[in-house]
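None of the values given here were measured: they were computed from a predicted structure.
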Amino acid sequence: MEDILKQILSELKEIKTDIGELKTGQARLEVGQQNLQQNLIKSLGTYTEKITEHVDDKTEVLNKRVYKVESEIERVSRQ
């Protein structure tokens, strides 16, 4: 009977150790997930800024072209 109790106690200690390791692993996963979320948000912000700058640059170029064409049309229509 005593051997059985020692075996049960030994197995309970192993289970306790395993649970402790699982909790530690869970904590590391949660920290990793938070870091990943922060990195994604930061990257998306940077990417969005670059897209906005690109669109603004292209819009400026198109506006200049439209102004040039409108000026030319106005000049031709006056003649």
Please tabulate, for the side chains in residues 51-68, all donor-acceptor contacts under 3.5 angstrom to protein atoms that are two or more places apart in sequence or on a different chain.
from, atom 1, to, atom 2, distance (Å)
T52, OG1, T48, O, 2.9
T59, OG1, V55, O, 2.7
N63, ND2, T59, O, 3.4

Side-chain contact test, heavy atoms from C-beta onward, threshold under 4.5 Å: evaluate it for T46 versus K50 and give yes or no.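 The answer is yes; the side chains approach within 4.5 Å.
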Which Ile, Leu, Val, Met, Phe, Trp or Tyr residues join I8 in one cluster when any pair of side-chain heavy atoms under 4.5 Å counts as a link?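 Besides I8, the cluster holds I4, L12.
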As a test of understanding, state which of Q7, K13, E11 forms a side-chain contact (heavy atoms from CB on, under 4.5 Å) with L9.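 Exactly one option meets the side-chain contact (heavy atoms from CB on, under 4.5 Å) with L9, and it is K13.
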So, taking the atom named [atom1] in [X] and the one named [atom2] in [Y], what distance separates them when rounded to the nearest 0.5 Å?
{"X": "S77", "Y": "E72", "atom1": "OG", "atom2": "CD", "value": "10.0 Å"}
{"X": "D18", "Y": "I15", "atom1": "CG", "atom2": "CD1", "value": "7.5 Å"}
{"X": "L29", "Y": "L36", "atom1": "CG", "atom2": "CG", "value": "11.5 Å"}

All side-chain contact (heavy atoms from CB on, under 4.5 Å) counterparts of N35, not counting sequence neighbours: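 Partners of N35 by the side-chain contact (heavy atoms from CB on, under 4.5 Å) criterion, ordered by chain and then number, come out as V31, Q38.
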Donor-acceptor check, side chain of S10 to backbone of K6, threshold 3.5 angstrom: yes or no?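 Not confirmed, S10 side chain does not pair with K6 backbone.
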